[in-house]
Novice: 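Can you keep this structure in mind? I'll have questions shortly.
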Amino acid sequence: MKKFEIEFKWALYCTAFNMLWLSLEKYLGWHDELIQFHTFYSLLIIFPQVVFFYLAIREKKYQYYKGKVSWQQAFLSGGILSILIASLSPATIYYMNTFLSPDFIDLAIDRYLISGGKETSAKNFHSLEAYIKNAILFNVSMGIVISGIVALFLQSKKAD
């Protein structure tokens with residue numbers, strides 16, 4: 001477990017940030033009166049996530065690998081970070097739907113129906129279970145992509 005201490009620490013930081021981000025979304029009205037913009041604007045979280053991944057992998061490079069890291073090592077670190085963030089994402093979604101915006105799912109269903117969607121697909125897409133699954137898939141997939149890119153920038157150059 002000591003081997004992934006840095007990734008676990010940064011996964012906790014990222015999860016705490018995600019909860020703050022959701023609070024910002026609520027404050028900006030993306031969970032109620034401006035819910036139609038929620039899907040698009042919530043994707044902006046990718047930019048701070050890149051920063052978190054960069055900082056985490058950079059710390060791993062210097063603290064664990066003593067300044068020399070291969071692309072594969074950096075990518076693995078980011079992959080582990082992605083999985084840890086994804087495993088914590090159900091707590092984030094639960095926080096949003098239980099404490100922060102308990103009416104969010106109902107409002108999302110209503111908005112979907114107003115835009116011409118069918119009720120059965122609305123309830124399948126807008127449910128706590130669906131949001132949890134989507135958060136897990138999003139965090140793993142985006143984390144892997146971000147990890148690959150960040151690893152390119154942080155890999156050590158071959159000296160010989």
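The chain is numbered in sequence order, starting from 1. Heavy atoms only: backbone and side chains are in, while hydrogens, waters and symmetry mates are out.
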Novice: Short question: side chain of Ser156, backbone of Gly67 - any donor-acceptor pair under 3.5 Å?
Specialist: yes

Novice: CG/Leu22 to OG1/Thr92 distance, rounded to the nearest 0.5 angstrom?
Specialist: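 One finds 7.0 Å between CG of Leu22 and OG1 of Thr92.
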
Novice: Would Val69 end up clustered with Leu81 when hydrophobic side chains under 4.5 Å apart are linked, directly or stepwise?
Specialist: yes

Novice: If hydrophobic clusters are built by linking Ile, Leu, Val, Met, Phe, Trp and Tyr wherever their side-chain heavy atoms come under 4.5 Å apart, do Tyr62 and Leu55 end up in the same one?
Specialist: no

Novice: Please tell me if the side chains of Tyr13 and Ile85 come closer than 4.5 Å, counting only heavy atoms from C-beta onward.
Specialist: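 Side-chain contact under 4.5 Å: no.
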
Novice: Using the salt bridge (Lys or Arg N to Asp or Glu O under 4.0 Å) rule, take Lys133 and Glu129 through it: C-alpha gap first, then chi angles, then the decisive distance, then the call.
Specialist: CA-CA 6 Å; Lys133 287 177 187 175; Glu129 296 80 21; over 6 Å; no

Novice: Side chains of Ser147 and Ser77: closer than 4.5 Å at any heavy-atom pair?
Specialist: no

Novice: Give, for atom CG of Leu154 and atom CD of Gln73, the distance between the pair rounded to the nearest 0.5 Å.
Specialist: 12.5 Å

Novice: For Ile105 and Ile109, run side-chain contact (heavy atoms from CB on, under 4.5 Å): C-alpha distance rounded to whole Å, both residues' side-chain angles, the deciding distance at 0.1 Å, then the answer.
Specialist: CA-CA 6 Å; Ile105 291 175; Ile109 289 172; 4.0 Å; yes

Novice: Going hydrophobic residue to hydrophobic residue with side-chain gaps under 4.5 angstrom, can you get from Leu107 over to Trp30?
Specialist: no

Novice: Do Phe37 and Leu34 come within less than 4.5 Å of each other through their side chains, counting heavy atoms only?
Specialist: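 Sidechains of Leu34 and Phe37: in contact.
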
Novice: Please round to the nearest 0.5 Å and tell me the distance separating atom CD of Glu7 and atom CD1 of Ile83.
Specialist: 10.5 Å

Novice: Do Ser23 and Tyr95 have a side chain donor and acceptor closer than 3.5 Å?
Specialist: yes

Novice: Check for me whether Lys61 meets the cation-pi criterion with Tyr65, that is, NZ or CZ under 6.0 Å from the six-membered ring centre and within 45 degrees of the ring axis.
Specialist: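 No, Lys61 does not lie over the aromatic ring of Tyr65.
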
Novice: Provide the closest heavy-atom pair for Ile136 versus Pro90 in the form atom of the first, atom of the second, distance.
Specialist: CD1-CG, 4.0 Å

Novice: May I ask you to check whether over 12 heavy atoms, not counting those of Glu119, lie within 6.0 Å of atom CD?
Specialist: no

Novice: Quick check: closest heavy atoms across Tyr112 and Ser121, and the distance to 0.1 Å?
Specialist: OH-OG, 3.3 Å

Novice: Within this structure, what is the CD-CD distance for the pair Gln63 and Glu5, rounded to the nearest 0.5 Å?
Specialist: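 If we round to the nearest 0.5 Å, Gln63:CD and Glu5:CD are 10.5 Å apart.
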
Novice: Hey, what's the ring geometry for Phe125 with Tyr131, parallel, tilted or perpendicular (30° and 60° as the breaks)?
Specialist: tilted

Novice: Show, in sequence, the C-alpha distance, side-chain angles and deciding distance for Ser89 and Phe138, and conclude whether the side-chain contact (heavy atoms from CB on, under 4.5 Å) test is met.
Specialist: CA-CA 10 Å; Ser89 63; Phe138 176 81; over 6 Å; no

Novice: Flag yes if Met19 and Phe17 sit in one hydrophobic cluster, no otherwise; membership is Ile, Leu, Val, Met, Phe, Trp, Tyr, and two members link when side-chain heavy atoms are under 4.5 Å apart.
Specialist: no

Novice: Which heavy atom in Gln155 sits nearest to a heavy atom in Ser70, and how many Å separate them?
Specialist: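 Closest pair (atom of Gln155, atom of Ser70, distance): CB-C, 4.1 Å.
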
Novice: Please report the C-alpha distance between Arg58 and Val150 in whole Å, then the side-chain angles of each, then the deciding distance to 0.1 Å, and finally whether the side-chain contact (heavy atoms from CB on, under 4.5 Å) criterion is met.
Specialist: CA-CA 9 Å; Arg58 186 183 71 174; Val150 169; over 6 Å; no

Novice: Looking only at non-hydrogen atoms, find the nearest pair between Asn124 and Ala130 and report the distance.
Specialist: O-CB, 3.4 Å

Novice: Backbone N or O of Gly78 within a donor-acceptor pair of the Ser82 side chain at under 3.5 Å?
Specialist: yes

Novice: Take Tyr64 and Lys3 through the test side-chain contact (heavy atoms from CB on, under 4.5 Å) and record every step on the way to the result.
Specialist: CA-CA 8 Å; Tyr64 187 80; Lys3 186 176 184 178; 3.4 Å; yes

Novice: Measure across Pro48 and Trp21 and return the closest heavy-atom pair with its distance rounded to 0.1 Å.
Specialist: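 The pair with the smallest heavy-atom distance is CG-CZ3, 4.3 Å.
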
Novice: Just so I know, are the side chains of Leu84 and Ile80 near enough to count as touching, which here means a heavy-atom distance under 4.5 Å?
Specialist: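 Yes, close enough: below the 4.5 Å cut-off.
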
Novice: Quick check: is Met96 connected to Tyr94 through a chain of hydrophobic side chains (ILVMFWY, heavy atoms under 4.5 Å apart)?
Specialist: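 Linked within one cluster.
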
Novice: Using 30° and 60° as the class boundaries, would you call the ring planes of Trp71 and Phe75 parallel, tilted or perpendicular?
Specialist: parallel

Novice: Heavy-atom distance under 4.5 Å between the side chains of Phe104 and His126, does that happen here?
Specialist: no

Novice: When rounded to the nearest 0.5 angstrom, what is the spacing between CG in Leu12 and CG in Leu88?
Specialist: 6.0 Å

Novice: Rounded to the nearest 0.5 Å, what separates atom NE2 in His38 from atom CD in Glu25?
Specialist: 3.5 Å

Novice: Lys60 and Ile6: which non-hydrogen atoms are nearest, and at how many Å?
Specialist: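 What the structure gives for the nearest pair is CA-CD1, 3.9 Å.
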
